[in-house]
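Indexing begins at 1, ligand by ligand and atom by atom, following the structure's order.
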Amino acid sequence: MRFGEGVYHCIKAQQFSHDFLEEICDLADKIRQIANTKAGMEYLSSILNHKQAMLYFVQPSTRTFLSFYSACQILGIKCAEVRDPKTSSEIKGESEEDTVRTFSSYFDLIIMRHPQANFAEKIAAMLDGTERPVPVINAGSGKDQHPTQALLDVYTLRRSFSHRGGIDGKQIVFAGDLLRGRTVRSLSTLLTKYRDVKQYFAAPPEFQIGQDILDFLDENGTDYVLTDDFEAVIKGADAIYMTRLQDEWDGADKTSARVEIERFSLRERHLRTLKADAVILHPLPRRLEIDVAIDSDPRAGYWRQVRNGMWARVALIATTFRRDRHILDYYLTNL
Ligand code: NCD
């Protein structure tokens with residue numbers, strides 16, 4: 001399951017080390033430079049043009065789907081997609097595990113988004129026991145994990161703080177629906193790999209971050225604050241990570257309707273209270289939690305974050321197929 005041994009699966013944020021994160025970010029920066037020229041793009045698209053990927057996305061997605069799709073194309077990987085399991089033999093009573101195992105026979109990589117928390121992990125473990133243990137990348141699993149989003153978030157933070165000593169020592173505020181937002185859960189986990197990062201969780205009590213994440217932060221000696229006072233914590237923040245209400249997970253009790261989520265929204269009037277060099281992030285899609293007027297503020301980092309996502313995924317996929325050295329050699333010779 002870990003990078004560095006056997007098949008490279010990317011399942012959850014806990015598996016990444018600090019060094020691995022730094023390597024992926026460095027590689028993504030170099031890939032971007034290589035991609036600046038036609039010759040560079042031609043080189044990149046030749047690296048894995050003998051490989052095929054299946055994008056198994058049975059939960060709504062357009063941006064993450066396209067981000068992975070574009071990342072594969074940059075590396076020359078051919079893609080096929082499964083978006084609706086109703087069109088497959090599952091309708092004939094086949095288990096989803098059998099469906100994915102069958103599909104894996106045609107592909108060299110499975111990129112998977114699924115509503116079930118541990119499905120990608122289950123598939124990776126199952127494939128490891130077969131004669132074709134192809135790598136699995138988790139592109140979002142239920143309310144639990146979104147490791148590649150966290151990777152691109154770290155990449156964005158690192159670029160944002162490149163002239164301010166990097167991520168170490170920064171104050172990061174997470175705001176919104178932190179209980180059901182998987183991107184926050186994965187990013188909070190990854191930030192424990194950096195020194196003296198203080199994490200602030202600003203949420204309504206009903207949607208405060210899960211105890212399992214707080215236990216993990218405790219185990220790793222990470223300092224954190226739980227609050228429902230959004231306006232108070234954003235003032236000192238180096239980064240503010242906004243999220244939307246995840247009301248697709250509401251049960252019959254419709255908790256979301258009873259919660260005052262507007263109190264955890266970034267309004268234009270807040271801009272003058274933020275640090276001059278703060279960065280505002282959002283995994284998108286956004287609803288009303290960030291005023292559109294904020295988009296033109298230099299601190300709005302969420303559009304850059306999207307672009308960074310594609311390059312971070314190119315770096316991850318290249319590393320999954322152990323082509324990272326190859327790319328670094330090309331970089332040293334040609335740039
Ligand atoms: C997020 C997700 O799917 O968890 N979106 C994404 O991948 N960029 C966030 C969300 O849906 O709110």
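- A side-chain donor-acceptor contact under 3.5 Å links H282 to the backbone of L284.
- Using a cut-off of 4.0 Å between Lys/Arg side-chain N and Asp/Glu carboxylate O, R180 and D250 are scored as salt-bridged.
- The shortest separation from a heavy atom of Q246 to ligand 1 is under 4.0 Å, placing the residue in contact.
- The ligand atoms of ligand 1 that sit less than 4.0 angstrom from a heavy atom of R113 are 3 (O), 7 (O).
- Not one N or O of T183 is nearer than 3.5 Å to an N or O of ligand 1, by distance alone.
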Run the salt bridge (charged side-chain N to carboxylate O under 4.0 Å, His left out) test on R164 and D238 for me, step by step, so that the C-alpha distance in whole Å, both residues' side-chain angles and the decisive distance to 0.1 Å come before the verdict. CA-CA 10 Å; R164 296 173 57 200; D238 296 300; 2.7 Å; yes
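- In this structure, Y43 and Y330 have parallel ring planes: the angle between them is below the 30° cut-off, well short of the 60° mark.
- In this structure, F230 and H270 have perpendicular ring planes: the angle between them is above 60°, well past the 30° mark.
- The atoms of ligand 1 that sit less than 4.0 Å from any heavy atom of P285 are 10 (C), 11 (O).
- Distances shorter than 4.0 angstrom occur between a heavy atom of P283 and an atom of ligand 1.
- Within the 4.0 Å heavy-atom criterion, neither part of Q305 lies near ligand 1.
- Side-chain contact check for E96 and H114: at least one donor-acceptor pair (N or O, by modelled atom type) lies under 3.5 Å.
- Among protein heavy atoms, atom 3 (O) of ligand 1 sits closest to R182 NH2, 2.9 Å.
- Heavy atoms of G181 stay at 4.0 angstrom or farther from ligand 1.
- Residue L284 has at least one nitrogen or oxygen atom sitting less than 3.5 Å from a nitrogen or oxygen atom of ligand 1, judged on distance alone.
- Using a 4.0 Å cut-off to heavy atoms of H146, the atoms of ligand 1 that qualify are 2 (C), 4 (O), 6 (C), 7 (O).
- The closest protein non-hydrogen atom to atom 12 (O) of ligand 1 is R244 NE, 2.8 Å.
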Checking R132 against D108 for the salt bridge (charged side-chain N to carboxylate O under 4.0 Å, His left out) test, could you report, in this order, the C-alpha distance in whole Å, the side-chain angles of both residues, the deciding distance, and whether it holds? CA-CA 9 Å; R132 280 201 92 246; D108 308 292; 3.5 Å; yes
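- Ligand-side atoms of ligand 1 in range of T64: 6 (C), 7 (O), 8 (N), range being under 4.0 angstrom from any heavy atom.
- Ring pair F57/F68 is perpendicular by interplanar angle, where above 60° counts as perpendicular and below 30° as parallel.
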